[in-house]
2 protein chains.
Amino acid sequence: MESNETVDRADAEASAEVVDVVPAPVPAATVDRLPSYLRALHQLVAAGVERTSSVELAELSGVGSAQLRKDLSFLGSFGTRGVGYDVGSLTDSITRRLGLETEHKVAIVGIGSLGQALANYRGYASRGFQLVALFDTAADVVGTTAGGLVVEHADDLAAVRERTGFTMVLLATPAPGAQEAVDRVVAAGVRSVLSFAPIALQVPEEVDVRAVDVGSELQILAFHSQARELRP
Amino acid sequence: MESNETVDRADAEASAEVVDVVPAPVPAATVDRLPSYLRALHQLVAAGVERTSSVELAELSGVGSAQLRKDLSFLGSFGTRGVGYDVGSLTDSITRRLGLETEHKVAIVGIGSLGQALANYRGYASRGFQLVALFDTAADVVGTTAGGLVVEHADDLAAVRERTGFTMVLLATPAPGAQEAVDRVVAAGVRSVLSFAPIALQVPEEVDVRAVDVGSELQILAFHSQARELRP
DNA sequence: CAGTGTGAATCGGTTCACAGCA
DNA sequence: TGCTGTGAACCGATTCACACTG
């Protein structure tokens with residue numbers, strides 16, 4: 001195992017009182033892949049498979065098997081040498097480590113066509129999330145319904161957050177207005193934001209913003225397709 | 001400049017005939033950031049700014065200034081020491097390097113609520129893309145209109161590709177069916193795919209797949225928010 | 001002298017290859 | 001014997017710090 005962290009952990013466990021052990025640090029690149037592993041495991045569960053190997057699970061996740069084993073080793077030791085991994089217990093371990101035992105409540109800000117599509121998405125629950133509120137600023141959108149929820153005015157962000165307890169926001173506003181929207185979201189106390197707006201958002205450092213930009217993704221694909229033509 | 005590449009490039013340019021010079025290799029991590037730089041530059045253009053610095057541009061892009069200068073150095077030398085960068089010509093250089101001088105034609109496969117939202121998105125042209133076709137397999141979706149285009153049957157992928165010449169696909173089908181859909185897309189000759197389906201797709205190695213998964217992004221945010229609570 | 005461009009140092013992540021264990 | 005878990009080697013990416021130049 002690790003060299004210096006092991007000592008701390010052993011100490012913590014030795015001193016009987018401690019309930020929640022301080023977890024060993026997990027590299028960011030590993031965290032980014034854990035969801036793929038979970039998805040692959042869910043596929044196996046759905047297929048009725050109870051035991052798997054690093055090779056099979058890696059293939060289903062789209063990574064190399066050494067990568068997968070190394071990643072899992074940061075979380076602990078879950079497999080049986082010479083045998084493989086138990087699908088159910090590995091699923092539980094990763095779920096727990098990602099912090100998905102309890103559902104996280106999510107709101108969507110910006111109910112244009114993308115926001116509506118996100119509101120209608122039925123897959124939140126199976127991934128550990130619950131959609132609890134929708135916001136917009138346009139008078140003709142506030143009060144309408146999407147995904148079974150009534151759209152509230154963004155002015156009421158803080159109040160609605162109080163009532164519903166969401167801790168994450170999907171930001172689906174157009175680029176102009178996105179910065180103002182995220183400012184309100186942050187002011188309301190949210191510290192996890194997934195932005196679909198094609199601009200870099202300025203936020204205080206304690207706020208975690210991840211960004212998805214279809215245009216950027218296409219441009220990256222364009223670059224690679226061009227590179228492919230030059231050296232086939 | 002570079003040590004060994006410089007020689008090749010100088011040679012190529014010296015031998016008058018050569019029109020398209022073989023470009024120096026650009027690190028993948030750099031390519032991933034070029035779209036952000038382009039977005040930031042467009043913001044500056046919109047604001048009427050004609051000259052910028054690595055510090056300003058980096059801030060607008062959400063990266064460090066050393067990172068930005070290093071990234072640009074892989075593409076060539078664009079700035080003026082002691083002065084900064086010309087917004088217009090830097091925009092042109094990056095646009096050209098990404099291969100965005102000519103518009104890339106794009107199709108969407110899977111016209112559910114997400115596919116519709118993507119079809120209604122008005123930002124393709126400004127990023128270098130043109131939406132030319134929509135596909136689905138459901139009888140009650142084929143023939144309907146979205147974003148000014150009529151939805152065609154996925155059986156006609158190859159034929160419609162012939163006619164419209166799209167080279168990229170946005171895959172917006174539900175998870176079951178995504179693999180079959182991408183198989184058809186690949187069979188039709190498309191080699192660049194942006195997938196929104198929450199599964200790892202199996203494709204031949206000459207096909208470039210990028211994946212966007214909202215569920216995974218939320219799970220990663222969940223992990224970090226939990227880590228934040230433990231060490232604030 | 002301000003700000004780019006870039007070697008050199010550093011850091012983190014991936015891959016390899018095998019020791020260790022059921 | 002088969003497959004996990006993991007040190008060690010490798011590789012790429014980031015950061016630093018400064019020489020260079022308009």
Side-chain angles (χ1 to χ4, degrees), chain A residues 1-6 9 24-34 36-37 40-41 44 49-87 89-90 93-94 97 220 224 227, chain B residues 1-7 9 24-34 36-37 40-41 44 49-87 89-90 93-94 97 220 224:
Chain A
M1 281 191 190
E2 303 83 19
S3 41
N4 50 357
E5 288 294 340
T6 305
R9 233 199 290 181
V26 182
T30 294
V31 174
D32 288 355
R33 282 185 294 268
L34 293 180
S36 320
Y37 301 155
L41 286 163
L44 290 173
V49 178
E50 293 189 346
R51 178 165 295 165
T52 186
S53 69
S54 63
V55 171
E56 179 181 51
L57 191 53
E59 201 150 328
L60 282 172
S61 312
V63 304
S65 65
Q67 181 79 266
L68 178 119
R69 291 201 304 278
K70 170 71 59 174
D71 282 341
L72 293 185
S73 81
F74 290 116
L75 309 191
S77 189
F78 304 110
T80 308
R81 294 181 198 227
V83 178
Y85 302 93
D86 178 80
V87 171
S89 69
L90 183 55
S93 300
I94 298 181
R97 202 53 177 276
I220 296 165
H224 291 304
Chain B
M1 283 194 189
E2 303 84 18
S3 41
N4 51 356
E5 288 296 336
T6 306
V7 180
R9 236 199 287 183
V26 183
T30 295
V31 174
D32 288 356
R33 281 184 295 266
L34 292 180
S36 320
Y37 301 155
L41 285 164
L44 290 173
V49 178
E50 294 188 347
R51 180 164 294 163
T52 186
S53 69
S54 63
V55 172
E56 181 182 49
L57 192 52
E59 201 150 329
L60 282 172
S61 311
V63 305
S65 65
Q67 181 79 267
L68 179 122
R69 291 202 303 279
K70 172 64 73 172
D71 282 340
L72 293 185
S73 81
F74 290 117
L75 310 190
S77 188
F78 305 109
T80 308
R81 293 180 197 230
V83 179
Y85 302 93
D86 178 80
V87 172
S89 69
L90 184 55
S93 300
I94 297 179
R97 202 52 177 278
I220 295 165
H224 291 304

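To find a chain, count down the sequence lines: A is the first, B the second, and so on, and within it residues start at 1.
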Worksheet item: Would you say the side chain of Val87(A) lies within less than 4.5 Å of the side chain of Arg51(A), judging by non-hydrogen atoms?
Response: no
Worksheet item: Does Val55(A) or Ala29(B) map to a spot on DNA chain D nearer the 5' end, using the closest nucleotide for each?
Response: Val55(A)
Worksheet item: More than 12 non-hydrogen atoms from neighbouring residues, nucleotides or ligands closer than 6.0 Å to CD on Glu56(A), yes or no?
Response: yes
Worksheet item: Considering only dA13(D), dT4(D), dT4(C), which nucleotide approaches the side chain of Ser53(B) most closely?
Response: dT4(C)
Discussion item. What contact category does Arg33(B) fall into here, base, sugar-phosphate, or nothing, at under 4.0 angstrom with non-hydrogen atoms?
Written reply: sugar-phosphate
Discussion item. Using whole Å, what does the distance between atom P of nucleotide dG3(C) and atom CZ of Arg51(B) come to?
Written reply: 12 Å
Discussion item. With a 4.0 Å cutoff (strictly under), does any side-chain N or O of Tyr85(B) reach OP1 or OP2 of dG22(D)?
Written reply: no
Discussion item. Taking the side chain as everything from C-beta on, heavy atoms only, tell me whether Leu90(B) gets closer than 4.5 Å to Tyr37(B).
Written reply: no
Discussion item. Rounding to an integer number of Å, can you tell me how far Leu68(B) CG sits from dA13(D) C1'?
Written reply: 15 Å
Practice prompt. Starting at atom CG of Asp32(A), determine the distance to atom P of dG12(C), rounded to an integer number of angstrom.
Written response: 15 Å
Worksheet item: Asp71(B) CG to dG12(D) C1': how many Å, rounded?
Response: 13 Å
Discussion item. Taking only side-chain N and O atoms of Thr80(A), does any of them lie within less than 4.0 angstrom of OP1 or OP2 on dA22(C)?
Written reply: no
Worksheet item: So, Ser93(B) side chain and Ser89(B) main chain: donor-acceptor pair closer than 3.5 Å or not?
Response: yes
Worksheet item: Rounded to whole angstroms, how far apart are CG on Leu72(A) and P on dT6(D)?
Response: 11 Å
Practice prompt. Measure from the side-chain heavy atoms of Lys70(A) and tell me the nearest of dA8(C), dT15(C), dG5(D).
Written response: dT15(C)
Worksheet item: What about Arg81(A), does its side chain sit under 3.5 Å from the base of dT4(D) through a donor-acceptor pair?
Response: yes
Worksheet entry | Integer-rounded Å distance: dT6(D) P and Leu75(A) CG | 11 Å
Worksheet item: How close or far is atom P of dG7(C) from atom CZ of Arg69(B), stated in whole angstroms?
Response: 14 Å
Practice prompt. Compare side-chain N and O positions of Ser54(B) against OP1 and OP2 of dG3(C) and report whether any pair is under 4.0 Å apart.
Written response: no
Discussion item. If you define the side chain from C-beta out and look only at heavy atoms, does anything of Ile94(A) sit under 4.5 Å from Phe78(A)?
Written reply: no
Worksheet item: Nearest to the side chain of Gln67(A), which nucleotide is it out of dT15(C), dG5(D), dA13(D)?
Response: dT15(C)
Practice prompt. Check the distance between dT15(C)'s C1' and Phe74(A)'s CZ and give it to me in whole angstrom.
Written response: 13 Å
Worksheet item: Taking the nucleotide of DNA chain C with the closest heavy atom to each, which residue, Val83(A) or Ala28(A), is nearer the 5' end?
Response: Ala28(A)
